[in-house]
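Note sheet for the following structure.
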Number of protein chains: 2
Amino acid sequence: MQNLTRRALDKAARRADILAAALTVFAANGFASARLDDVAREAGIAKGTLYLYFADKQALFEGLIKENLAPIPVMADDVISIFEDTTENLIRALAGMLLARIQTPDVRQVMQLMIADGYRFPELVAFHYREVVTPGLAAITAIVKRGIARGEIRDTPESAALLRHPQMLFAPFLTIVVWNMTFHEIAPLDEHQFAEDYITLLLGGLRAGEQA
Amino acid sequence: MQNLTRRALDKAARRADILAAALTVFAANGFASARLDDVAREAGIAKGTLYLYFADKQALFEGLIKENLAPIPVMADDVISIFEDTTENLIRALAGMLLARIQTPDVRQVMQLMIADGYRFPELVAFHYREVVTPGLAAITAIVKRGIARGEIRDTPESAALLRHPQMLFAPFLTIVVWNMTFHEIAPLDEHQFAEDYITLLLGGLRAGEQA
DNA sequence: ATCGTATGACTGACGGGTCAGTCAGTCAAT
DNA sequence: ATTGACTGACTGACCCGTCAGTCATACGAT
């Protein structure tokens, strides 16, 4: 039994090694141009060993995305139900957590891969939508409703618009990733400031002469 | 002389044929997986002919992006300097034009290619930044300043945030493209409604109890 | 008008490099 | 001795880029 455990641990560790190596190589080249020879070398194993853990290149890619993307939105619901402070501070707190997540190099690389190559794998898209997008949008909706109930968010066309398209609250983070993936060398974005500015704008609005 | 003109026209037309075929094939497969054999067949020419018009696969890709992306922001400045109506209507008018642009299939495909593959070609990134992004951000800045000068946009931290990061006004359009490129089959976005909702939110803001 | 020559756009079979996936054999552990 | 994880040389399909050859047209000479 202990042997079996030991074996299982070894296998799990090796699998993790492979995924880490795959992330490096896929992120550097994109799916189509990434070489499995490079993944094997990076992982310190022979190419044949890859095929003991993953059926083919696509399975490796999908495994990579799935295991790195899934944990992202889990925390939000817990935070929301516990949080006692104002909606504004709740939004800022969650935005800070989200920003920290997407600034983690691994997560950033997985997001870039999902944006650049992910849409070519329908099963992956479905998984992503189910495990990440749906709970994420639900969390945003919950925040807005909580804010309206507490009288901190206006029950007006503005909040109706956000409830209709909760994606708008995620838009700045997507923009950050795409911008810095493309223009990082030429005009890097101050990601923290950008997120702050977005929240400021969203809460206050632009129109002059606004009344409560 | 007439012959020469005739020839030149033929060549230009053929070049356009090739670019159109290349857009189809690259958009369907991405840069790395696209086959030049397919481009040639789609264009109705032999593969060798491709190389009479473009040095290699990369040059074809770059030509494709450059010729389709460059014309986008030219119009904005003209519109802004002529426009007489309120800032709100100016923003809605420009958003409508932008939406129409990115809903054009060719433009949509080029944007997707730029997002998915573009960042791997530094010269292309520099071109894109210089010819599209810079004038686009300048146009947004001009709109906001005009609105403040006319007293229609509040001269507050909100507008300061937008002036610091004019990208925020383009963010919804980027979100639309990325969302529908990934989730179109599974949960298509109503692009027109999304753009409207974003403007509504941006102008009015979420916070309750707001004063002028 | 007719013929011969020059031009250059176009063709498509092919060379050669690349890389996903295979499998016969090795090795370590029990 | 047996099991099963691991290896890495190998195969073959794939596809970019080339180039020797074709052909339609232009043009000068008669």
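Here is the naming used below: chain letters follow the sequence lines, and residue numbers restart at 1 for every chain.
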- Grab the CG-P distance between B:L50 and D:dT18 for me, whole Å please. 12 Å
- Message: Expressed as a whole number of angstroms, how long is the span from A:R14:CZ to D:dT7:C1'?
- Response: 11 Å
- Task: Compute the centroid of each ring, for A:F183 and then for B:H128, and state whether the two points are separated by less than 6.0 Å.
- Result: yes
- Close side-chain approach of A:D38 to A:R41, heavy-atom, < 4.5 Å: yes
- Message: Please verify the inter-ring angle class for B:F26 with B:F61; under 30° counts as parallel, over 60° as perpendicular, anything in between as tilted.
- Response: perpendicular
- Query: Just how far is it from atom CH2 of A:W179 to atom CD of A:E191, taken to the nearest 0.5 Å?
  - Reply: 12.0 Å
- Message: What is the distance, to the nearest angstrom, from the CG atom on A:D17 to the C1' atom on D:dA5?
- Response: 15 Å
- Length of the CG-P vector between A:N29 and C:dA20, whole Å: 10 Å
- Separation of D:dT7 atom P from A:R41 atom CZ, nearest Å, is 15 Å
- Starting at CG of A:L60 and ending at P of C:dG21, how long is that distance when rounded to a whole Å? 10 Å
- Query: Does CD in A:E185 sit with more than 12 non-hydrogen atoms of other residues, nucleotides or ligands closer than 6.0 Å?
  - Reply: no
- Could you walk me through whether A:D197 and A:T200 pass the side-chain hydrogen bond (donor to acceptor under 3.5 Å, both in side chains) check? CA-CA 5 Å; A:D197 281 345; A:T200 299; 5.0 Å; no
- Note on the structure: A:Y51 OH to C:dA24 P, in whole Å, measures 17 Å
Nucleotide N/O of nucleotides 12-19 of chain C paired with protein N/O under 3.5 Å:
residue: C:dC19; atom: OP2; partner: A:R35; partner atom: NH1; Å: 3.4

- Item | Distance in angstrom units between A:Y53 OH and D:dG4 C1', rounded | 11 Å
